Amino acid sequence: MPLIPDESLPYLENMIYLPMVLTILEKDRTIFEKGPFKLKRPYISMVEKAVKQVQKELKETHIYMKRHSMKVLRGEGDDMFTEYVFFHGGYEEHRRYLNVRLRNRVEELISMYFALVEKTS
């Protein structure tokens, strides 16, 4: 029987992925601001709207995790895997994530946030 309930796992994983998404979007915004683009504003606007959506979800995740006494810590890592330690209800669970999987999931999330921003604009 898993120690972490299925409904809590997405929140724990959000604490892995969403900060990565924010970091990448912030770097991309800087590139758009400093880059040789003729029309920077549409790109910067799209990135900023995506950042706001990610920040909103991250805030909701923080609130959920605080209410349920949950925590995520980054453990050891190497060229292939990164370990994360999930704390929930007094239990500790170690999970290893393939680095390629982390990158691909962050890419999927960025695409999802851009699509979401495009729909609401």
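The structure presented is a predicted model; accordingly, all values stated were derived computationally and were not measured. Along the sequence shown, the residues carry numbers beginning at 1.
Residues H62 and M15 meet the side-chain proximity criterion, which asks for heavy atoms closer than 4.5 Å. Looking at M65 and N14, their side chains never come closer than 4.5 Å, going by heavy atoms from C-beta outward. Put simply, the side chain of R95 reaches to within 4.5 Å of the side chain of L9, judged on heavy atoms. For the pair E108/R105, a side-chain contact is recorded, criterion being any heavy-atom separation below 4.5 Å from C-beta on.
Closest non-hydrogen pair, D78 versus N99, comes out as O-ND2, 3.0 Å. Residues L58 and P19 approach most closely at CD1-CD, 4.2 Å, considering heavy atoms. For F37 against I31, the heavy-atom pair with the smallest separation is CE1-O, 3.9 Å.
Under a hydrophobic clustering in which Ile, Leu, Val, Met, Phe, Trp and Tyr are joined whenever their side-chain heavy atoms come within less than 4.5 Å, directly or via other members, Y17 and L98 fall into different clusters. In the hydrophobic clustering of this structure, M70 does not group with I63; members are Ile, Leu, Val, Met, Phe, Trp, Tyr whose side-chain heavy atoms approach within less than 4.5 Å, directly or through other members. Under the 4.5 Å side-chain heavy-atom criterion for grouping Ile, Leu, Val, Met, Phe, Trp and Tyr, F86 is not connected to F81 through any hydrophobic cluster.
Note that CD of E83 and CZ of R74 are 10.5 Å apart. Values are rounded to the nearest 0.5 Å. Note: D28 CG to I110 CD1 = 6.5 Å, rounded to the nearest 0.5 Å. From L116, atom CG reaches atom CG of L109 across 11.5 Å, with rounding to the nearest 0.5 Å.
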Just do the side-chain contact (heavy atoms from CB on, under 4.5 Å) check on F114 and L25 with the steps written out, would you? CA-CA 11 Å; F114 282 158; L25 289 175; 3.8 Å; yes
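Counting heavy atoms of neighbouring residues, nucleotides and ligands inside a 6.0 Å radius, atom CD of E26 exceeds 12 of them. Annotation for E107: atom CD does not count as buried by contact number, only 12 or fewer foreign heavy atoms lying within 6.0 Å.
Look at K40 and E33 and you find no salt bridge, because none of the NZ, NE, NH1 or NH2 atoms lies under 4.0 Å from a carboxylate O.
Between Y113 and the choices K49, E57, Q53, E118, the side chain to side chain donor-acceptor pair (under 3.5 Å) rule is met once, by E57.
Using a 30° and 60° split on the angle between ring planes, F32 and Y43 fall in the parallel class, below 30°. Using cut-offs of 30° and 60° for the angle between ring planes, the Y84 and Y97 rings count as perpendicular.
Summarising the hydrophobic clusters (Ile, Leu, Val, Met, Phe, Trp, Tyr; side-chain heavy atoms under 4.5 Å, direct or chained), the residues clustered with L73 are V85, F87.
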